[in-house]
Amino acid sequence: MTTASIHIVASPESWIEQAAIDQLHQTAALPGIDAVVGLPDLHAGRGIAVGAAFWSRGLVYPHLVGSDIGCGMGLWRTAMKLRKFRPDTAVRKLHGLEEAWEGDASARLAEAGLPPLPVETLGTIGGGNHFAELLRFEDVFDADLFAELNLDAQMVQLMVHSGSRGLGQAILDRHRTRHSVGALSADTPDCAAYLAEHDDAVRWAELNRAVIADRFLDRLGTEGERLLDICHNGVTPHRGGWLHRKGAAPADKGLVVIPGSRGDMTYLVRPRSGDRADAALHSLAHGAGRKWSRSEARDKLARRFRIADLERTALGSRVICEDRELIFEEAPQAYKDIHQVVHDLERHGLVDLIATLRPLVTYKTRRA
DNA sequence: ATGTCC
């Protein structure tokens with residue numbers, strides 16, 4: 001059995017935990033895996049490294065995508081002018097947005113051309129590292145491109161990070177009862193069935209982000225226009241094989257936002273194509289990447305900070321998170337430095353920087 | 001990650 005090539009996109013000074021590297025090697029040794037790429041936000045996951053892309057020739061591995069099929073980031077321009085925006089007012093209006101949506105979810109599914117999939121959680125953020133955030137453009141690195149893309153630094157922007165909720169989980173669970181963590185031969189009915197369900201979950205997740213954005217915009221009394229939507233958990237056909245992305249943004253689907261932690265900047269980048277993009281499996285970091293596990297973050301930060309300390313960030317933004325464990329787990333200190341992560345991508349010739357965005361209000365969870 | 005586990 002041959003072992004796949006392993007390419008890690010990071011500079012020598014960027015810290016990457018050994019456990020994540022070990023996981024890459026384990027995945028590289030699976031049958032049919034030809035190429036493995038670790039992005040600079042690489043960190044250990046539950047068996048599979050996060051911040052990674054895996055290319056196989058004739059086999060599809062559902063467990064390399066994981067349970068949150070279709071998870072990703074969307075970015076909207078709101079119609080709120082920055083100079084009129086008051087964070088206090090926004091904070092007052094934002095609550096209950098992780099609870100069931102009152103709108104007609106079935107109609108939204110039908111409009112999107114989706115089959116009658118579960119609708120109970122459509123329009124809900126979920127837990128973990130998911131969030132919705134209001135931001136403003138800060139540094140503009142390429143003013144011509146910024147203008148050409150019709151971006152507007154005068155307006156408040158909205159970013160949504162969420163996925164397919166219980167739907168993706170159910171698809172992986174069903175697959176696992178039959179095949180465990182085994183591969184599917186690409187030409188089998190079981191593989192076709194998984195891919196069909198996977199593709200539905202990807203579209204459900206994209207719709208979920210759109211409904212979340214609608215709920216936020218409604219609550220804030222404004223409207224929005226979607227600028228981009230990017231899926232970082234999924235499997236797609238690529239060069240006669242299958243490209244699995246596990247917490248890796250696509251470099252071949254237009255502009256990408258790479259959020260830092262909830263207390264740091266977000267980067268808007270334009271992926272480059274070419275040999276270096278090929279070597280990186282047309283993939284990019286999907287965020288800053290965890291530096292500390294959730295339990296480490298809780299232990300270390302609960303000693304040093306009160307909840308109230310974490311509801312305001314070093315950048316002056318607000319964090320709405322009524323879950324006292326989650327606010328420690330997701331604290332900025334638990335994440336790598338986003339500037340270093342993006343610098344590594346730039347240094348490897350994978351992206352051109354367009355702009356940074358500064359967080360204003362981050363919403364995680366708050367009772368209605 | 002989880003209409004999640006304690």
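Just so it is clear, the values below take in all heavy atoms, side chains as well, and ignore hydrogens, waters and symmetry mates. Nothing here was measured: the structure is a model prediction, and the numbers come from that model. The sequence lines fix the lettering, A, B, ..., with proteins before strands; numbering per chain opens at 1.
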Step by step, work out the salt bridge (charged side-chain N to carboxylate O under 4.0 Å, His left out) result for A:R304 and A:D309.
CA-CA 9 Å; A:R304 282 159 47 188; A:D309 299 331; over 6 Å; no
So A:R347 and A:E13, salt bridge (charged side-chain N to carboxylate O under 4.0 Å, His left out) or not? Walk me through it.
CA-CA 13 Å; A:R347 209 168 106 157; A:E13 64 269 27; 3.6 Å; yes
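Residue-level contact check: A:G126 touches the backbone only, with heavy atoms under 4.0 Å from sugar-phosphate atoms and none from bases. Within 4.0 Å (heavy atoms only), A:G66 reaches no atom of the nucleic acid at all.
A:E322 CD: more than 12 foreign heavy atoms inside a 6.0 Å radius.
Both tests do not hold together for A:R358 against A:F137: distance to the six-membered ring centre under 6.0 Å, angle to the ring axis within 45°. Remark: A:K291 is not positioned above the aromatic ring of A:W15, lacking an NZ or CZ atom under 6.0 angstrom from the ring centre and at most 45 degrees off the axis.
Counting to the nearest Å, the P atom of B:dT2 and the CG atom of A:L326 are 10 Å from each other. Across the protein-nucleic acid pair, A:E98 atom CD and B:dT2 atom C1' stand 15 Å apart, rounded to whole Å.
Remark: A:R262 engages A:E133 in a salt bridge, criterion side-chain N to carboxylate O under 4.0 Å.
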Which pairs, protein N/O on one side and nucleotides 3-6 of chain B N/O on the other, fall under 3.5 Å?
from	atom 1	to	atom 2	distance (Å)
B:dG3	OP1	A:G166	N	3.3
B:dG3	OP2	A:R165	NH1	3.0
B:dG3	OP2	A:G166	N	2.6

